[in-house]
There are 2 protein chains.
Amino acid sequence: MPRPSEPTRERIVQAANSLFYSEGIRRVSVDEVAAKAGLTKRTLYYHFKSKDDLVAAYLAARDQPNLALFRKWFAEAEGGLPAKVDAIFKNLARSARHPKWKGCGFLRTSAELANMPGHPAIRIGAAHKKKFEDWLRATFAEQGIADPLKLARQILLLLDGSFAVVLLHRDASYMETAGEAARMLIETAMGKLGRRRS
Amino acid sequence: MPRPSEPTRERIVQAANSLFYSEGIRRVSVDEVAAKAGLTKRTLYYHFKSKDDLVAAYLAARDQPNLALFRKWFAEAEGGLPAKVDAIFKNLARSARHPKWKGCGFLRTSAELANMPGHPAIRIGAAHKKKFEDWLRATFAEQGIADPLKLARQILLLLDGSFAVVLLHRDASYMETAGEAARMLIETAMGKLGRRRS
DNA sequence: GTATGTATACTCACCAGTGAATATACACAA
DNA sequence: TTGTGTATATTCACTGGTGAGTATACATAC
């Protein structure tokens with residue numbers, strides 16, 4: 001059946017997403033992706049010019065939904081800035097307890113491609129993290145925080161650290177530890193910590 | 001020439017270390033490791049029973065030296081606890097600027113093997129991080145910090161976060177940002193922050 | 001009747017692991 | 001001191017399997 005066109009491409013990307021994310025890009029063959037999408041490899045190569053191209057599409061497809069989720073968790077949380085950021089880590093901890101969770105697709109791809117610094121997939125990952133950092137920075141700036149970029153980067157470090165550590169230890173409680181640290185850094189930056197000790 | 005025995009095994013592990021670290025365990029073939037070590041694949045398989053076994057040996061060989069380096073940087077740094085921990089991040093930033101630097105071998109391997117949670121290589125990586133965390137915790141406990149484990153985990157998160165982020169962005173300045181965050185968390189835990197704002 | 005898709009069936013390269021044979025060093029015996 | 005056995009160490013040549021990418025042909029829609 002010809003003529004599905006865009007739906008077909010979409011189906012391939014979804015199959016790639018599912019397989020690449022859960023098993024890694026090197027371990028999964030193009031044939032497997034094609035089979036999962038319900039078509040042959042040759043058809044897949046009609047829609048994508050190479051496996052690298054497919055990998056890039058896989059990551060590009062994760063960009064927006066991931067960011068949207070973070071923004072949603074932030075927006076829906078009760079409380080001030082520290083609590084709203086903390087909510088991101090709490091929600092992430094919940095996700096991380098699902099057995100199919102395998103860390104951050106962008107970071108894992110960058111780890112697999114560490115010997116190819118200019119690879120398109122890495123640029124997509126870097127852009128993704130940059131967008132998250134930018135959003136945090138803008139949010140902190142709105143709240144009048146003195147060095148919003150620095151704080152945004154610190155939160156990003158805690159976030160990506162918890163992806164890595166939780167993946168290694170399979171212990172989602174590290175996400176909550178990261179959230180607490182984030183809270184504390186934000187509170188400090190907001191100058192709310194003078195009242196802590198006596 | 002028989003009779004080198006241990007030196008030979010050592011040479012293989014060093015070749016594996018160099019190749020696996022710089023290109024990833026999946027991308028490097030056993031033949032390549034053997035060639036780099038100056039012998040044939042069959043000889044390599046005399047010393048190691050499988051590629052997985054070789055990967056495990058590669059990581060096991062990185063465990064002690066890595067930890068020793070962190071302890072050395074800590075010990076040699078001037079100043080109090082925050083400054084000594086910060087020194088680890090500063091030194092790491094210096095390492096990370098070398099072009100051959102490719103992040104943390106343990107984390108990258110765990111990212112490549114994310115679909116095999118029980119893999120020996122992952123257990124070695126997890127044990128390595130645990131050792132680092134334990135050392136930090138003990139150090140903080142000696143200084144009378146209230147919740148030394150929590151603080152140790154927060155530092156670990158910043159450390160591993162900076163590995164991941166610097167690898168992705170190829171921007172070592174994130175290491176220094178992580179160091180600042182670590183400093184701040186330690187100072188807060190030491191109760192030295194009350195004097196900051198009027 | 002030409003664009004767009006899709007499938008069958010291939011090529012060529014690579015790769016983990018093995019079979020069978022060989023070379024060396026050392027122990028002990030003659 | 002010279003021979004001989006045995007564990008150690010190494011090689012060459014191979015197998016079975018997989019993987020990325022392609023040549024060619026066929027089908028459908030407009």
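Remember, it's a predicted structure, so these values are computed and weren't measured experimentally. Letters go in sequence order (proteins before strands), and every chain restarts at 1.
Regarding A/L54, its CG atom lies at a distance of 13 Å from the C1' atom of D/dG21, rounded to whole Å. Spacing between atom CG of B/D52 and atom C1' of C/dG17 amounts to 12 Å, rounded to whole angstrom units. Rounded to a whole Å, the CZ atom of B/R9 is 15 Å from the P atom of D/dT8. In this structure, CZ of A/F48 is placed 13 Å from P of C/dG5, rounded to the nearest angstrom. The distance from atom CG of A/D53 to atom P of D/dG21 is 10 Å, rounded to the nearest whole Å. Look at OH on A/Y45: it is 13 Å from P on D/dA23, rounded to the nearest Å.
A cation-pi arrangement is present between B/R108 and B/Y21, with the terminal nitrogen or guanidinium carbon under 6.0 Å from the aromatic centre and inside a 45° cone about the axis.
Taking the six-membered ring where the residue is Trp, the centroids of A/W135 and A/F70 are separated by 6.0 Å or more.
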- Item | Under 4.0 Å protein heavy-atom contacts per nucleotide of nucleotides 9-15 of chain C, with B for base, S for backbone only and - for none | ------S
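When distances are taken from the side chain of A/L39 to each of D/dT11, C/dA7, C/dT6, the shortest belongs to C/dA7. Nearest nucleotide to the side chain of B/T8, out of C/dT8, D/dT10, D/dG21: D/dT10.
Put simply, A/H47 has a side-chain N or O that comes within less than 4.0 Å of OP1 or OP2 on C/dT6. In this model, the phosphate group of C/dA7 is approached by a side-chain N or O of A/T43 to a distance below 4.0 Å at OP1 or OP2. Phosphate proximity of C/dG5 to A/Y46: present, with a side-chain N or O under 4.0 Å from OP1 or OP2.
The partner of C/dT2, taking Watson-Crick or G-U wobble pairs whose two distances both stay under 3.5 Å, is D/dA29. Pairing for C/dA30 is with D/dT1, a Watson-Crick or G-U wobble pair whose two hydrogen-bonding atom distances lie under 3.5 Å.
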- Residue pair B/H119, B/D52: steps toward the side-chain contact (heavy atoms from CB on, under 4.5 Å) verdict: CA-CA 9 Å; B/H119 194 287; B/D52 276 357; 3.1 Å; yes
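With hydrogens and angles disregarded, a donor-acceptor distance shorter than 3.5 Å links the side chain of A/T109 to the backbone of A/G105. A donor-acceptor pair under 3.5 Å is absent between the side-chain atoms of B/Q143 and the main chain of B/F140, judged by distance alone. Judged by distance alone, with hydrogens and angles left aside, the side-chain atoms of B/K51 form a donor-acceptor pair with the main-chain N or O of B/I25 at under 3.5 Å.
Atom NZ of B/K130 has more than 12 neighbouring heavy atoms from other residues, nucleotides or ligands inside a 6.0 Å radius.
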